[in-house]
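Both backbone and side-chain heavy atoms feed into the values below; hydrogens, waters and symmetry mates do not.
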Amino acid sequence: MKKVLLSVFVLVASVISLSAQTAEEVINKYVTAIGGADKWSKIQSLKVEGQIEVQGIAIPFTMQAVHMKGMRVDAEFQGSKIIDITTPTKGWSQNPLMGKTSLEAITEDELKTKLDELDVQDEFVNYKEKGSTVEYLGKEEEEGTAYHKLKLVTKNGNEKVYFFDLTTGLIYKEESTVKQQGQEMKQAVKYLDYQTLENGIKMAFKSDMGMMMMVTKKVTINPTIDAAIFSGN
């Protein structure tokens with residue numbers, strides 16, 4: 001009996017070890033594909049300009065973020081200003097299309113799901129130091145292409161499943177469950193049109209969310225950003 005238990009233990013340990021090894025291989029290949037940890041670790045702020053395309057309408061937006069300190073998104077649609085602000089302790093949103101005509105504080109649950117967005121250095125770069133864990137979920141085929149699947153759990157307790165292209169190593173899709181207005185919603189984002197920036201990092205310039213597409217037009221690395229824009233005033 002003891003020999004049987006030992007054999008089972010060795011088998012389980014081997015599977016866990018193999019899974020961990022495979023996860024590390026997938027992550028290392030991905031981080032190398034997007035430019036390497038050294039280049040990403042030097043990014044302390046980002047400014048992204050682009051547009052959200054939905055039902056033939058293009059809505060311009062600007063995203064400004066300081067690593068782990070604050071993020072702000074500004075957009076405008078038919079004269080209505082849309083604002084979204086996130087900091088480590090508070091968040092605010094304004095969206096007249098949703099009945100919010102002025103900046104209103106978001107709930108703790110909503111803030112929790114957005115805290116990971118404050119990391120501008122990519123969630124897989126130095127993920128262990130950031131307090132995140134990963135689990136290899138095997139391979140899955142979609143539209144005739146096979147992908148590695150990994151689950152990432154951040155220190156904030158947020159879970160996401162990522163699909164990595166076996167050939168390029170890049171992320172093809174991300175799946176998550178988010179809370180909006182007290183309800184849980186499943187969300188899938190496909191990352192397309194990867195481009196290499198002047199400092200050697202690579203980013204997806206298109207994010208397909210099904211009903212809408214976010215298109216990046218310009219990325220500025222390490223711009224000077226006034227922290228006052230994250231005040232919510």
### Message
Just to verify, which of Tyr172, Phe164, Tyr191, Tyr136 counts as forming a ring-ring contact (aromatic ring centres under 6.0 Å, His included) with Tyr147?
### Response
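So, applying the ring-ring contact (aromatic ring centres under 6.0 Å, His included) to Tyr147 and each of Tyr172, Phe164, Tyr191, Tyr136, only Tyr172 qualifies.
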### Query
With a 4.5 Å heavy-atom cut-off, do Leu118 and Thr86 have their side chains touching?
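Touching, per the 4.5 Å side-chain cut-off.
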For [X], what residues pass the side chain to side chain contact (heavy atoms under 4.5 Å, CB included) criterion, not counting sequence neighbours?
| X | value |
| --- | --- |
| Lys69 | Val66 |
| Thr107 | Asp109, Glu110 |
| Leu197 | Asn199, Ile201, Met203, Phe205, Val219, Ile221 |

#### Entry: Lys190 and Glu175 ion-paired at < 4.0 Å
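A salt bridge is absent here (no side-chain N lies under 4.0 Å from a carboxylate O).
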### Query
So does Glu174 pair up with Lys160, basic N to acidic O under 4.0 Å?
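Looking at Lys160 together with Glu174, the answer is yes, because their closest N to O distance falls below 4.0 Å.
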### Task
Determine, for Tyr194 and Lys202, whether the Lys NZ or Arg CZ falls below 6.0 Å from the six-membered ring centre while staying within 45 degrees of the axis.
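No, Lys202 does not sit over the ring of Tyr194.
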### Task
Evaluate whether atom CD of Glu108 has more than 12 neighbouring non-hydrogen atoms of other residues, nucleotides or ligands under 6.0 angstrom away.
no
### Message
Are there over 12 heavy-atom neighbours, none belonging to Met209, within less than 6.0 Å of that residue's CE?
### Response
yes
### Message
If the condition is side-chain hydrogen bond (donor to acceptor under 3.5 Å, both in side chains), which residues does Ser41 pass it with, not counting sequence neighbours?
### Response
Asn126
### Listed partners of Glu123 passing side-chain hydrogen bond (donor to acceptor under 3.5 Å, both in side chains), at least two apart
Tyr162
### Task
Go through Ile59 and Glu53 one step at a time and tell me if the side chain to side chain contact (heavy atoms under 4.5 Å, CB included) criterion holds.
CA-CA 6 Å; Ile59 304 172; Glu53 300 175 355; over 6 Å; no
### Query
Which residue pairs pass the ring pair (Phe, Tyr, Trp, His ring centres under 6.0 Å) test when at least one of the two sits in residues 54-86, sequence neighbours left out?
none
